[in-house]
Amino acid sequence: MKFLSIIFIAFLGINTAIAQDATVAVDSTLLGGVAFKSVNEFYIFGDATVIGNNLLSEDSKKPYDNKQEDNDNIKMKYVDIDDNPETFCSSQAKLVLPEDLKKIVYAGLYWTATYAYEKGVRKLVNNDFIYSGNGERSPIINQVKFKLPNQEYQNVVGEVIYDGSKDEIHSINSPYVCYADVTKLLQETKEQTGNYTIANVKATEGYLSGGSAAGWMLYVIYQTPTDNPKYISTYNGFAHVNDKPIDIKFKNFKSIDYGNVKTSLVVSALEGDNNIDLDECAIIKANSNQFQSLGNAARDQQNFFNSTITNNASVNTERFPNSENTLGFDIAQLQIPNYNNQIISNDISETIMRLKTKSDRFYLYFTAFQTEIAQTLFDDVVQETKPISKNAKIEPEVVRSNPSTVSNADPKETSRTAYLYNKKGLNSNAFRYLKGKKSTPIVGIEGGYYVITNTFLEQERANNWKDSLIKKGFDADVFVNSKNNWNYVYVLRSDFAEEAFKLMEELKTNYRYRDTWVFKANLD
């Protein structure tokens, strides 16, 4: 297939990477399309996952596993698994949520296809294929049927993000993408884990110049206990990616202060041929102008978009049909290989993803980014603060960032202001959050509220910091967090949240102890 459509989601397990020069990227709308915009941002103890499937193949039900044939040479037909007279196409995928799930906070449904006409044919004329179509293209592309686990179909009407039939540049194959917020549907269903089915996504059957493709994706963010809070953001738009790089900037976060930073992407795509390579997904290395190409056992660095649906390095087989070659539709859940924090370093507040191809072109329309954020930042922004963006969400454990804490401005262009910490008090959201949050189970320490002043990977550095605190009159000590093997230096263990919170606030008024926080352990 010579045309591709992409969805990006978050979590990559990666083997190796190639550094690239930071060549200038182009505006994503220059070749037709829609500029990318933020859909939402979450600051949350939780996680995200993605599922989906393709909707065009060689057979309506049988999986397609041939990875050598070009999409152009396949006479496409709708996948239709349910034999329901009300559907002309349908496919299924299984959503698996953790047992300790607290609640779903967001669910976004996307569907996309190439749709120039209903059915296409081709003829060989002078060693060239001539494509033509028949059947009127329906103007209604934003209505589909959506089936939740063990339920009947219900109608979903979405927003048209982009319709290529109205753009001369893309009219030859007329790709489109639609989006619907289905959060409420998933929140209210009794069975959230299980099989989800999407039906009646319109696409071109038969032959289409460049090959036809279609698919759907469901991206879900949920609350669940995690070691560190996370920043999760989603974007959508429509960008024609070719040999000119397209950049997407992720910002409005602050990575953890210490330790290995866990970061991931989610991507899903109408992509192109499995056997055409030289397309790449890369991310900029911390404190440099070099990009790192991403890849793993399921996705080659030079053929990242390869018509597969993968979670990290494994193909997702919990689908019907579970084709190995999804014929132009990609979903990649990928964790970034952040060895020694070379890509996402500690205390970083923005990064850039870059896409390009030298052969097959594709259409980017969705991307999601996820990273662990600083505990001190999360604790600070649980209180009443102005949102960093209008799309940020706030719930009991879903908060938005404090613009005074997270800054994407160039420090050389701003003057340093005097450090000032305003105490929140025991009537603040920050204290209520501390009282209500679930404690972390840690082996070998007494339950209680620990006032942490610093954490270190090396025990020697932790002991040096402890000794310096003791010289200043603190009753300091160290314990090892059995979950991450870091050394936590604390100055108080208390049975009472009020005592610990008051000491933390007093210490934070001193710039030297500005990162002090309360760690709740072994109390549940």
Side-chain angles (χ1 to χ4, degrees), residues 10-14 17 42-48 224-232 250-265 283-288 292 312 334-351 369-381 397 399 401 405-406 437-445 450-466 468-469 476-491 504 507-508 512-522:
F11 310 121
L12 289 80
I14 316 242
F42 287 89
Y43 300 78
I44 182 174
F45 278 94
D47 216 328
T224 192
T226 54
D227 289 340
N228 292 302
K230 294 175 184 175
Y231 168 79
I232 305 175
F250 305 112
K251 54 184 181 178
N252 296 345
F253 66 92
K254 178 177 176 285
S255 60
I256 58 176
D257 298 312
Y258 309 97
N260 297 321
V261 185
K262 297 177 182 177
T263 303
S264 55
L265 299 171
I283 194 161
I284 198 166
K285 297 176 69 176
N287 304 313
S288 79
Q292 205 81 1
N312 293 318
L334 198 74
Q335 187 171 13
I336 292 173
N338 198 25
Y339 309 117
N340 297 320
N341 290 345
Q342 292 180 351
I343 296 177
I344 306 295
S345 61
N346 296 122
D347 205 26
I348 200 171
S349 59
E350 67 176 42
T351 189
F369 174 80
Q370 171 177 316
T371 190
E372 294 180 317
I373 58 174
Q375 177 74 50
T376 50
L377 167 64
F378 188 84
D379 288 345
D380 281 345
V381 301
E397 290 189 60
V399 300
S401 179
T405 306
V406 179
K437 71 176 291 189
K438 185 177 181 180
S439 68
T440 303
I442 300 295
V443 176
I445 65 172
Y450 289 78
V451 179
I452 310 296
T453 61
N454 220 329
T455 59
F456 300 91
L457 178 61
E458 299 86 0
Q459 185 176 10
E460 182 179 359
R461 293 182 61 196
N463 288 333
N464 289 339
W465 177 255
K466 179 195 71 173
S468 71
L469 290 171
D477 206 344
V478 180
F479 70 81
V480 176
N481 185 338
S482 56
K483 285 184 169 293
N484 57 24
N485 291 322
W486 278 70
N487 294 270
Y488 285 42
V489 183
Y490 64 96
V491 292
M504 176 201 73
L507 289 172
K508 286 173 75 71
R512 178 182 293 273
Y513 309 117
R514 65 192 184 281
D515 292 329
T516 300
W517 54 288
V518 178
F519 183 76
K520 186 176 180 180
N522 299 339

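As the structure is a computational prediction, the values presented were derived from the model and not from experiment. Residue numbers start at 1 and run along the sequence shown.
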Between S482 and V443, is there a donor-acceptor pair closer than 3.5 Å when you use the side chain of the first and the backbone of the second?
-> yes
Heavy-atom pair with the smallest gap, counting every atom of A521 and I445 = CB-CD1, 3.9 Å
Do the non-hydrogen side-chain atoms of I373 and K254 ever get within less than 4.5 Å of each other?
-> no
Decide yes or no for I452 and V518: does some side-chain heavy atom of the first lie under 4.5 Å from some side-chain heavy atom of the second?
-> no
Smallest separation among heavy atoms of I348 and A286, with atom names | CD1-CB, 4.2 Å
Which atom of F45 lies closest to which atom of N228, heavy atoms considered = CE2-C, 3.7 Å
Can you see which heavy atom on N287 is nearest to which on S345, and at what distance?
-> ND2-OG, 4.1 Å
Is there side-chain contact between Y43 and N252, with heavy atoms separated by less than 4.5 Å?
-> yes
Quick one: which of N454, D477, N481, T455 gives a side chain to side chain donor-acceptor pair (under 3.5 Å) with Y488?
-> N481
Got a donor-acceptor contact below 3.5 angstrom from the K466 side chain to the V478 backbone?
-> no
For the side chain to side chain donor-acceptor pair (under 3.5 Å) test, which of W465, Y490, Y513 pairs with T453?
-> W465
Going from CD1 on I232 to CD1 on I44, what distance comes out if it is rounded to the nearest 0.5 angstrom?
-> 5.5 Å
Sub-3.5 Å donor-acceptor pair from the side chain of K520 to the main-chain atoms of K437, do we have one?
-> yes
Approximate separation, where rounding is to 0.5 Å, of K285 NZ and I343 CD1 | 7.5 Å
Hey, is the main chain of K262 close enough, under 3.5 Å, to the side chain of N338 for a donor-acceptor pair?
-> no
How long is the span from the OG atom in S264 to the CD atom in E372, to the nearest 0.5 Å?
-> 9.5 Å
Of all heavy-atom pairs between N341 and G259, which one has the smallest distance, and what is that distance?
-> ND2-O, 2.9 Å
Does the separation of the ring centres of F369 and F253 fall below 6.0 angstrom?
-> yes
From CZ (F479) to CZ (F519), nearest 0.5 Å | 5.0 Å
So, does T516 use its side chain to make a donor-acceptor pair with the main chain of K508 at under 3.5 Å?
-> no
Nearest-0.5 Å distance that lies between atom OG1 in T263 and atom NZ in K230 = 10.0 Å
Answer yes if the side chains of D47 and Q370 hold a donor-acceptor pair under 3.5 Å, and no otherwise.
-> yes
OG on S439 to CG on N522, rounded to 0.5 Å | 6.5 Å
Within the side chain of N487, is there an N or O that forms a donor-acceptor pair under 3.5 Å with the backbone of A462?
-> no
On a heavy-atom basis, the closest approach of N260 and W486 is N-CZ2, 4.4 Å
Proximity of F250 and Y231 rings by center, below 6.0 Å | no
